Amino acid sequence: PGPYRTILVERRGRTALLTLNRPEALNALSLEVMRETVEAAEALDRDPDVGCVVITGSGGKAFAAGADIKEMQPRDYMDMYLSDWFAAWDRLGRLRTPTVAAVRGYALGGGCELAMLCDLVVAADTAVFGQPEIRLGVIPGIGGSQRLTRAVGKAKAMDLCLTGRTMDAREAERAGLVSRIVPDADVLTEALAAADTIAGMSAPVAMMAKEAVNRAFETTLAEGVLFERRLFHAVFATADQKEGMRAFAEKRPAEFRHR
Ligand code: CAA
């Protein structure tokens with residue numbers, strides 16, 4: 001994979017950092033950004049030495065200010081339909097490796113949707129979230145109407161999608177969109193620390209925990225609880241369950257082997 005033109009990919013131990021790198025366009029999500037981000041993320045997902053992926057935006061002013069408006073402006077229905085515009089983003093939601101969005105500044109439209117495709121959202125106190133597409137005469141197209149509603153409920157999702165107004169970080173945290181808020185200067189440090197913690201856990205068990213939580217959005221309570229119970233039983237087939245519980249008994253930190 002790579003080299004990439006619109007993103008940067010770095011490895012820091014078992015954590016990978018993927019940075020959207022179009023600061024001059026507030027990291028607007030062009031098709032090229034989509035292709036590169038999805039390709040890089042899938043390559044990291046396949047790498048057994050990567051335990052967590054952090055996604056952030058360069059420049060400090062924006063995580064991403066949305067899909068690239070200039071690129072979409074001239075398109076007609078057939079262009080959008082035949083190219084299945086934005087469909088590749090769905091693949092990001094299917095990664096097994098946990099993902100953390102580190103959000104500074106604007107996370108608007110596709111930027112908010114990208115943050116919601118990640119498992120945790122660590123936000124700066126200055127972050128701004130919204131689905132302002134309606135102001136452009138369009139609606140969200142990377143799952144915003146669905147994931148925002150599941151994250152914050154109908155009342156706020158309707159407000160944001162119909163008026164195009166934005167939410168500051170506090171409102172977004174109260175509403176359930178954001179996992180943690182930290183001072184702007186600390187966002188990346190905090191997100192990387194959370195990622196290192198996750199990457200230090202047993203990789204297969206972290207994958208199963210992610211799968212179990214995500215199942216809550218796809219099924220009934222009884223089926224979801226049954227799915228969790230089956231996975232819970234399954235973790236007893238891992239060496240890492242033996243190590244984790246033995247380490248507890250021996251009063252030492254667990255050393256997971258990701259098996
Ligand atoms: N697409 C393309 N270019 C964008 C962009 C976007 N979404 N957002 C910002 N830019 C560009 C600007 O055009 C500008 O480029 P130039 O210097 O070449 O003019 C540059 O980034 C800097 O932006 P501004 O000068 O506008 O910066 P600002 O600080 O004055 O305003 C802002 C910041 C309020 C975020 C403003 O840029 C803005 O409103 N951006 C668009 C937000 C938006 O509507 N997002 C939704 C897009 S549609 C979508 O995402 C569909 C979907 O569901 C996937």
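Indexing begins at 1, ligand by ligand and atom by atom, following the structure's order. Please read all numbers here as calculations on a predicted model, not as lab measurements.
Short contacts between ligand 1 and I69, defined as distances under 4.0 Å to a heavy atom of the residue, involve ligand atoms 1 (N), 2 (C), 6 (C), 7 (N), 41 (C), 44 (O), 47 (C). Numbered from 1 in the order shown, with element, the atoms of ligand 1 that lie under 4.0 Å from a heavy atom of P140 read 53 (O). Close contacts of ligand 1 with I142, meaning ligand atoms under 4.0 Å from a residue heavy atom, involve 54 (C). Within ligand 1, counting atoms from 1 as listed, the ones closer than 4.0 Å to a heavy atom of A28 are 1 (N), 2 (C), 6 (C). Heavy-atom contacts of F86 reach the following atoms of ligand 1: 52 (C), 54 (C) (cutoff under 4.0 Å). Listed by atom number, the atoms of ligand 1 under 4.0 Å from G141 heavy atoms are 52 (C), 53 (O). Each of the following atoms of ligand 1 lies closer than 4.0 Å to a heavy atom of P132: 43 (C), 44 (O), 45 (N).
By the definition of a contact as any protein heavy atom under 4.0 Å away, atom 30 (O) of ligand 1 is not in contact. Atom 25 (O) of ligand 1 is not flagged as protein-proximal [any protein heavy atom, distance under 4.0 Å]. Using a 4.0 Å threshold on non-hydrogen atoms, atom 38 (C) of ligand 1 does not count as touching the protein.
Here CD1 of I134 is found 9.0 Å from CD1 of I139. Values are rounded to the nearest 0.5 Å. In this structure, the separation between CD on E250 and CE on M245 is 14.0 Å, given to the nearest 0.5 Å. Taking CZ of F129 as the reference point, atom CZ of F63 lies at 8.5 Å (rounded to 0.5 Å).
Nearest to atom 6 (C) of ligand 1 by heavy atom, out of A64, A67, G66, is A67. Remark: among candidates A25, P23, S30, the nearest residue to atom 21 (O) of ligand 1 is A25, based on non-hydrogen atoms. Considering Q73, M34, K61, E113 only, the shortest heavy-atom separation from atom 27 (O) of ligand 1 involves K61.
Taking the six-membered ring for Trp and thresholds of 30 and 60 degrees, Y81 and Y77 have nearly parallel ring planes, at less than 30 degrees apart.
Counting heavy atoms closer than 4.0 Å to ligand 1, residue E71 contributes nothing at all. When non-hydrogen atoms are compared, ligand 1 lies under 4.0 Å from the side chain of L136 (C-beta onward) but not from its backbone. Under 4.0 Å from ligand 1, heavy atoms of A65 appear from its side chain as well as its backbone. Contacts between E24 and ligand 1, counted as non-hydrogen atom pairs separated by less than 4.0 Å, involve the backbone only.
At distances below 3.5 Å, at least one donor-acceptor pair connects side-chain atoms of D76 with backbone N or O atoms of D79.
Salt-bridge check for K156 with E171: passed, with a basic side-chain N closer than 4.0 Å to an acidic carboxylate O. In summary, D45 and R96 do not engage in a salt bridge, as defined by a charged side-chain N under 4.0 Å from a carboxylate O. Contact check on R215 versus E228 returns no salt bridge, with no Lys/Arg side-chain nitrogen under 4.0 Å from an Asp/Glu carboxylate oxygen. Ion pair R12/E10 flagged as a salt bridge, since at least one NZ, NE, NH1 or NH2 atom sits closer than 4.0 Å to an Asp/Glu carboxylate oxygen.
For ligand 1, the polar-atom distance check against E133 finds a nitrogen or oxygen pair separated by under 3.5 Å. Note: an N/O pair closer than 3.5 Å links K70 and ligand 1 by distance alone. The distance criterion of under 3.5 Å between nitrogen or oxygen atoms is met by G110 with respect to ligand 1. Not a single N or O atom of L108, backbone or side chain, sits closer than 3.5 Å to an N or O atom of ligand 1.
A side chain to side chain donor-acceptor pair (under 3.5 Å) with T6 is found for one member of R22, E36, R35 and no other, namely E36. Of the listed residues (R147, Q131, Q146), just one forms a side-chain contact (heavy atoms from CB on, under 4.5 Å) with E113, and that residue is Q131.
Both L92 and L177 are part of a single hydrophobic cluster, where members link through side-chain heavy atoms under 4.5 Å apart. No chain of hydrophobic side-chain contacts below 4.5 Å, direct or via other Ile, Leu, Val, Met, Phe, Trp or Tyr residues, connects I198 to V121.
In terms of protein heavy atoms, atom 23 (O) of ligand 1 is closest to L26 CD1, 3.6 Å.
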